[in-house]
Amino acid sequence: MSEPNADITISISEDGLRAVISDCPRGSNGICNISRAQIDRALEKAGVTEAPSSEDIRLIMEAAAGGKDVNGMVVVRGKPPVPAGNATIKPFGDFTRPVFPGEAFCEIIKATPAKDGTSVTGKPIKAPGEQQGKSITFPESPNCFIDSTTLQIRSEVYGLAHFDKLSLHVSPLLTVTKADMAAQATIYATDMRGKELTAARMEEALKALEITSPLERNRFLKAVQHAKESGTEVPNVILARGLEPVHGRNGWFELYAKDDRSDVGVQDNEGNIDFRARGVIRSVAADDIVGKLHAPTRGVPGKDIFGRVIPAHDGAVFRITLGENVEATETGSEFRALIAGMVFFVRNTLSVTEVFTTRGDVNMGTGNLELEKGSVHVKGAVLSGFKIICPRNVLVNDTIESAVVEAGGDVEVKGGIIMDKGGRIVSQGSISAMFAKGATIEAQGDVNIAHEMTNCIVFAGQNVIATKGRGKIIGSTVRCGGSLIAHEVGSELGVATTVFLGIEQETTDHSERRRELNALLQKVYATLGTGDPRTILVNTPPAKRETVAQLLKMRLGAEKELREIESTIQQERVAMKKAIQSKLKVTRTIYPGVVVHSYGQIFKVQSPIEHSKIFFDPDEQKIIVLSL
């Protein structure tokens, strides 16, 4: 890169931007004698076309005159290329602090284009990279804008400014919650310029978002104070709220006759709690007001934080259906019971009924059922340990399991009766079930067990019937006032089964009282006769009328009592005749092990008896066995 020169040698750098002295011969005095003319000749020799600067020539001359080595000193400098410059910003404060709407937070420094250079030999040098610097970009919603006059960037919201990778935006610190019902913000002690946050500035920030709800000043000022004291921002501060609509209340039904039974149990006098007991299910009387229908209310509209009206719904009318035995009063909003019974309000239907119906089993959910009036319908089973007491009928869809049932009417069990852990059924009417096992059953009417009665104790004021299904009675003790009718009694294994036919009636001996009354009447008849008492009294002299009236009163009383005695005797005779007609009728087999008792007589079955009836013959005073 150098050419020999008698005086000095100029070399050009590889990038062509510097021409330097590469060889300067020294004189005998050890000093490199150099002149401007020598430099110019050496530059021309080296092909340098650019003129040296006066400063560089001065420095070389001074160095040479001072005996310094001038090798390597720059004689001519080229013009280096200038790459393009990207745009940037000049911040007006701390970007970690908020800026408010309308405030400038930075200034844009524009991008610059690339400039080519020139080598010392006059050749152009291309600038590297892009020929134009990149401009600042803004995302889709930057929340800021360029002031075209000053090139300053102003915020549109209360938020934090961000500049990263030539992208500029403001992230909001004031946001609107879902449904536009509240505005919340992150609160700082000061803004990006170090100015304190004030209520007036925050109100302007709300207005910038077109929020019309007022600033909650106390809450805002407390947040600013907290930010000052803690040295950190306070997030999620509610600054403004909308007004929630108040929807109208739906119409509703108020039931006056409430179930006041306990949900957990009843405490006895000793302080113990029976968790199965709930108390008595009360009834209402006829004409009692049992409930009231309340009208719906109107709704009150609300507003969101932007002032938009939020409609409110008026309350819906409560639709009530009148069931059985209920009517509306004159007001139309209250309802009265037409009969005495229990009040039920189910699926918007109001009714008064004499039947209390469960949804399922009688269990810990229902507790024991004790009715003041009416009947019970159990849509499930009566579980072990529970109790039903009601003045009328009981219907059980499933089974009765070791429970107590006491009814003033009939008891019907669509399933069976299983009482291996105790329990009893007592009915003033009849009792029926598909089967019974280990049960104690007492009915004033009939006991009707369809399939099988096993190991039971049964009392029936009338008949015991087991003919609708398999009709077996095994290992039980049965006493009936009427007849026992079954397909089979006992079993092939000889299981002891006892039957008591007829209920011996206790009769009263009226003979002595009858004699007394007849004797009294004979005396009165002998004195006054048997005529009409009024006629006798009219024909009696006034002086004797009081005495005669007393005798007639005694006569009428004695005649009445005597008639009552005769009626009682007649009823006892009918009952006795009916009781003596009690029979054991078996359509198939009576097995050995069966013992029949009737009016003091005992008959033990020693061998199977087919298709027969057994009864007490009052004439022969013994138990008779006949074929059906």
Side-chain angles (χ1 to χ4, degrees), residues 93-106 137-145 153-164 167-250 296-316:
D94 183 357
F95 273 22
T96 64
R97 299 282 176 169
V99 63
F100 280 82
E103 294 182 354
F105 58 87
C106 71
T137 61
F138 295 87
E140 184 175 351
S141 298
N143 299 312
C144 59
F145 64 94
I153 308 300
R154 297 183 181 275
S155 178
E156 295 177 335
V157 297
Y158 168 72
L160 291 179
H162 297 276
F163 181 65
D164 183 43
S167 178
L168 183 64
H169 72 280
V170 176
S171 60
L173 292 173
L174 176 59
T175 58
V176 176
T177 61
K178 189 177 180 180
D180 299 338
M181 291 306 294
Q184 64 182 21
T186 300
I187 302 301
Y188 292 74
T190 60
D191 68 4
M192 68 177 300
R193 297 174 184 261
K195 295 171 59 178
E196 183 177 326
L197 271 66
T198 65
R201 297 177 73 190
M202 190 55 68
E203 286 172 344
E204 290 300 320
L206 293 174
K207 288 181 181 179
L209 293 179
E210 299 182 352
I211 294 173
T212 60
S213 293
L215 172 68
E216 296 190 3
R217 297 175 68 92
N218 289 339
R219 188 186 299 272
F220 166 72
L221 294 174
K222 286 182 180 179
V224 172
Q225 184 62 33
H226 182 68
K228 288 180 182 179
E229 294 173 354
S230 64
T232 185
E233 67 273 15
V234 182
N236 303 323
V237 179
I238 300 296
L239 299 182
R241 297 177 189 270
L243 180 64
E244 293 282 354
V246 179
H247 297 296
R249 182 179 182 182
N250 291 336
T297 61
R298 299 294 300 271
V300 180
K303 283 186 179 182
D304 65 18
I305 60 174
F306 298 105
R308 295 176 299 215
V309 174
I310 303 174
H313 304 298
D314 292 337

Could you walk me through whether Gln184 and Ile238 pass the side chain to side chain contact (heavy atoms under 4.5 Å, CB included) check? CA-CA 4 Å; Gln184 64 182 21; Ile238 300 296; 3.7 Å; yes
Could you give me the CA-CA distance, side-chain angles and deciding distance for Phe220 and Leu197, then say whether side chain to side chain contact (heavy atoms under 4.5 Å, CB included) is met? CA-CA 10 Å; Phe220 166 72; Leu197 271 66; 4.2 Å; yes
State whether Arg201 and Glu196 are salt-bridged, where the test is any N-O pair (Lys NZ or Arg NE/NH1/NH2 against Asp/Glu carboxylate O) under 4.0 Å. no
Please determine if Asp191 and Lys195 form a salt bridge, counting it only when a charged side-chain N lies under 4.0 Å from a carboxylate O. no
Spacing of SG belonging to Cys106 relative to CE belonging to Met192, to within rounding of 0.5 Å: 7.5 Å
Spacing of CG belonging to Leu168 relative to CZ belonging to Phe163, to within rounding of 0.5 Å: 6.5 Å
His313 backbone acceptor or donor facing His247 side chain under 3.5 Å: yes
First locate atom CG of Asp314, then atom CG of Asn250, and finally report the distance between them rounded to the nearest 0.5 Å. 10.0 Å
Nearest-0.5 Å distance that lies between atom CZ in Phe138 and atom CG in Asn143: 11.5 Å
Tyr158/Leu239 under side chain to side chain contact (heavy atoms under 4.5 Å, CB included): CA gap, chis, key distance, verdict: CA-CA 13 Å; Tyr158 168 72; Leu239 299 182; over 6 Å; no
Can you spot which of His226, Met202, Arg219, Lys222 makes a side chain to side chain contact (heavy atoms under 4.5 Å, CB included) with Ile187? Met202
Atom pair CZ (Arg241) and CG (Asp304), whose distance is rounded to the nearest 0.5 Å: 14.5 Å
Should the ring pair Phe95 and Phe105 be called parallel, tilted or perpendicular, given that the plane angle runs from 0 to 90° and is split at 30 and 60? perpendicular
Donor-acceptor pair, Thr177 side chain versus Ala182 backbone, under 3.5 Å? yes
Only one of Leu206, Thr212, Ile211 clears side chain to side chain contact (heavy atoms under 4.5 Å, CB included) with Leu209; which? Ile211
Main-chain N/O of Glu103 paired to Ser155 side chain as donor or acceptor, under 3.5 Å: no
For residues Leu174 and Val157, determine if any side-chain heavy atom of one lies less than 4.5 Å from a side-chain heavy atom of the other. no
To check you understand the geometry: which heavy-atom pair defines the closest contact between Lys228 and Ala189, and what is its length? CG-CB, 3.6 Å
Heavy-atom pair of closest approach, residues Gly315 and Pro296: O-CB, 3.3 Å
Would one find more than 12 heavy atoms of other residues, nucleotides or ligands at under 6.0 Å from atom CZ of Arg308? yes
Could you check if a side-chain atom of His162 sits within less than 4.5 angstrom of a side-chain atom of Ser171, using non-hydrogen atoms only? yes
Heavy-atom nearest pair, Thr96 first then Tyr188, reads O-CE2, 3.7 Å
Between the CG atom in Asp94 and the OG1 atom in Thr190, the distance rounded to the nearest 0.5 Å is 8.0 Å
List the atom of Arg217, the atom of Glu203, and the distance in Å for their closest heavy-atom pair. NH1-OE2, 3.0 Å
What one should report as the nearest heavy-atom pair of Ala205 and Pro101 is CA-CG, 3.8 Å
Residue pair Val234 / Ala227: nearest heavy atoms and the distance that separates them: CG2-N, 3.9 Å
Using the rule given for side chain to side chain contact (heavy atoms under 4.5 Å, CB included), can you reason through Glu216 versus Asn218, listing the C-alpha separation, both sets of side-chain angles and the distance that settles it, and then say yes or no? CA-CA 6 Å; Glu216 296 190 3; Asn218 289 339; over 6 Å; no
